[in-house]
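Mind having a look at this structure? Questions to follow.
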Amino acid sequence: MIAQGFLGEHAYTAKKLDVAAIPALMELQQAVVDALPDKAILQPLDEDELRFILEGNGVMIGIFVAEQLIAFRALLEPELDDEHLGLDIGLTEKELGKVLYQEISNVHPNFRGHGLQQTMANIIMKQVDTEKHQIICATVMPYNIASLKDKFAQGMYVAALKYKYGGKLRYVFTKSLIEQIEFGVELREVSMGTTEEQQQLLKQGFIGAEMKKIEDDWFITYRK
């Protein structure tokens, strides 16, 4: 056990997971997908991907209530290939080995509304060896509001907006675990739907620092 607390009246424990958890992880992912109105928002990990992380290529934690797995969150040590997110944010080849990806994060529909995404983020980041891994990266689809809020709440920021995974548009988020970023005063507020304008700002050295809703649309605040 690495943490414990309460979700309303339910006591929970947090544990690091191993390969024995794969059946429970697959079952939980399916419950989450079944409850989604838009199935495209979530790309579940298959059994091989789960096994890869659990066999030492990252960190995965689970939240248990009465011995039932009700949530999990994963960090992945990625392979050094042409799709590496570190390349998208301008890291050198030498720096790529310092990167961990924030992978999937799932909460059972019956336990939403307790801030578990953020709780798990805080717990799992304490499990990272910052002498080995110093940079966190993640991708999020524009307008996936829950995931975007999760990344910004952790102090991550948008460093790129690119077509990844066979042509899917994704924000590339990052955060240093050893340095604090400082923003200047220059800012732009841009709709998530205006891809080219955001890409131009990112090329000019702006980064996406926060999000806000204006009337019926969501905007990213870019700072330089």
Side-chain angles (χ1 to χ4, degrees), residues 38 40-43 59 73-76 78 83-92 95-96 98-107 112-113 115-128 130 133-165 168-224:
D38 180 5
I41 285 178
L42 182 68
Q43 180 65 45
V59 182
R73 189 158 197 149
L75 299 173
L76 168 69
E83 282 286 304
H84 199 291
L85 299 180
L87 298 173
D88 296 322
I89 64 172
L91 296 184
T92 65
E95 292 173 310
L96 297 184
K98 299 178 181 178
V99 171
L100 277 177
Y101 289 1
Q102 275 204 2
E103 274 290 333
I104 198 166
S105 176
N106 275 335
V107 176
R112 289 186 185 144
L116 258 182
Q117 297 277 17
Q118 196 60 39
T119 298
M120 289 194 294
N122 294 335
I123 294 169
I124 201 168
M125 295 311 295
K126 291 175 183 173
Q127 310 304 310
V128 176
T130 53
H133 296 113
Q134 300 169 355
I135 302 163
I136 299 293
C137 290
T139 59
V140 181
M141 182 175 74
Y143 291 105
N144 182 347
I145 303 305
S147 288
L148 290 165
K149 284 182 176 178
D150 172 66
K151 300 299 177 283
F152 283 122
Q154 294 179 63
M156 300 181 76
Y157 61 87
V158 175
L161 177 57
K162 293 196 164 193
Y163 289 94
K164 305 286 292 180
Y165 318 124
K168 297 176 181 177
L169 188 63
R170 294 291 186 267
Y171 288 114
V172 181
F173 278 83
T174 190
K175 176 186 178 180
S176 170
L177 298 179
I178 58 172
E179 296 176 347
Q180 191 76 23
I181 191 164
E182 293 187 12
F183 298 115
V185 294
E186 196 174 353
L187 63 84
R188 303 277 193 280
E189 290 180 347
V190 186
S191 166
M192 287 183 195
T194 55
T195 301
E196 289 186 12
E197 185 177 354
Q198 293 179 87
Q199 290 174 327
Q200 283 300 318
L201 288 172
L202 289 160
K203 283 180 184 175
Q204 294 166 21
F206 284 83
I207 58 175
E210 57 190 9
M211 62 188 284
K212 63 171 65 174
K213 191 172 187 181
I214 302 176
E215 295 181 351
D216 293 329
D217 198 6
W218 284 91
F219 287 68
I220 301 290
T221 301
Y222 286 90
R223 297 183 179 272
K224 194 173 182 179

Is V140 close to K151 at the side-chain level, that is, under 4.5 Å between some pair of heavy atoms?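 In contact.
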Any side-chain heavy atom of L100 sitting closer than 4.5 Å to one from I135?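 Heavy-atom side-chain distance check fails, nothing below 4.5 Å.
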Pair F152 and F173, ring centroids less than 6.0 Å apart: yes
Side chains of D88 and K164: does their closest heavy-atom pair fall under 4.5 Å? yes
Checking Y222 side chain against E210 main chain: does a donor-acceptor pair fall under 3.5 Å? no
Sequence neighbours left out, what passes side chain to side chain contact (heavy atoms under 4.5 Å, CB included) with L169? Give chain and number order.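 Result, side chain to side chain contact (heavy atoms under 4.5 Å, CB included) vs L169: P142, L161, Y163, T195.
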Drop me the distance from I136's CD1 to L85's CG, to the nearest 0.5 angstrom. 11.5 Å
A side-chain contact here means heavy atoms from C-beta on lying under 4.5 Å apart; do M192 and I145 qualify? yes
Using modelled atom types only, decide if a donor and an acceptor are shared between the side chain of E197 and the backbone of T194 within a distance under 3.5 Å.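 Judged by distance alone, no pair lies under 3.5 Å.
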Side chains of I124 and L75: does their closest heavy-atom pair fall under 4.5 Å? yes
For the pair K212 and E189, find out whether any cationic side-chain nitrogen is under 4.0 Å from an anionic carboxylate oxygen. yes
Could you state the interatomic distance from CG (L87) to NE2 (H84), rounded to the nearest 0.5 Å? 7.0 Å
Charged N to carboxylate O below 4.0 Å: is that the case for E215 and K213?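 Salt bridge flag = no for K213 with E215.
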Let me confirm one number: the CD-CZ distance from Q200 to R188, rounded to the nearest 0.5 Å.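 Interatomic distance, Q200 CD to R188 CZ, rounded to 0.5 Å: 12.5 Å.
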Return yes if a side-chain donor-acceptor contact under 3.5 Å exists between E179 and Q134, otherwise no. no
Taking all non-hydrogen atoms of both residues, which atom of D150 and which atom of Q102 are closest, and how far apart?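 In terms of heavy atoms, the two residues are closest at OD2-OE1, 4.2 Å.
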Roughly how far, to the nearest 0.5 Å, is the OG atom of S191 from the OH atom of Y143? 3.5 Å
Would you call Y157 and R223 a side-chain contact if the rule is heavy atoms closer than 4.5 Å? no
Look at the side chain of R73 and the backbone N and O of I104, then say whether any donor-acceptor pair between them is shorter than 3.5 Å.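 Checking the backbone N and O of I104 against the side chain of R73, no donor-acceptor pair under 3.5 Å is found.
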Ignoring hydrogens and angles, state whether a donor on the side chain of Y101 or T139 is under 3.5 Å from an acceptor on the partner side chain.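 Result is no, nothing qualifies.
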Residue from V158, I220, T221 passing side-chain contact (heavy atoms from CB on, under 4.5 Å) with M211: I220
Rounded at 0.5 Å granularity, tell me how far CD1 in I89 sits from CD1 in I207.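 Between atom CD1 of I89 and atom CD1 of I207 there are 11.0 Å.
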Hey, does Q118 have a side-chain heavy atom less than 4.5 Å from the side chain of Q154? yes
For M141 and Y171, what are the C-alpha separation, side-chain angles and deciding distance, and is it a side chain to side chain contact (heavy atoms under 4.5 Å, CB included)? CA-CA 6 Å; M141 182 175 74; Y171 288 114; over 6 Å; no
Tell me, do M156 and T174 make a side-chain contact under 4.5 Å, heavy atoms counted? no
Report the distance from atom CD of E186 to atom CG of L201, rounding to the nearest 0.5 Å.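 Going from the CD atom of E186 to the CG atom of L201 covers 9.0 Å.
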Look at the side chain of K224 and the backbone N and O of Q204, then say whether any donor-acceptor pair between them is shorter than 3.5 Å. yes
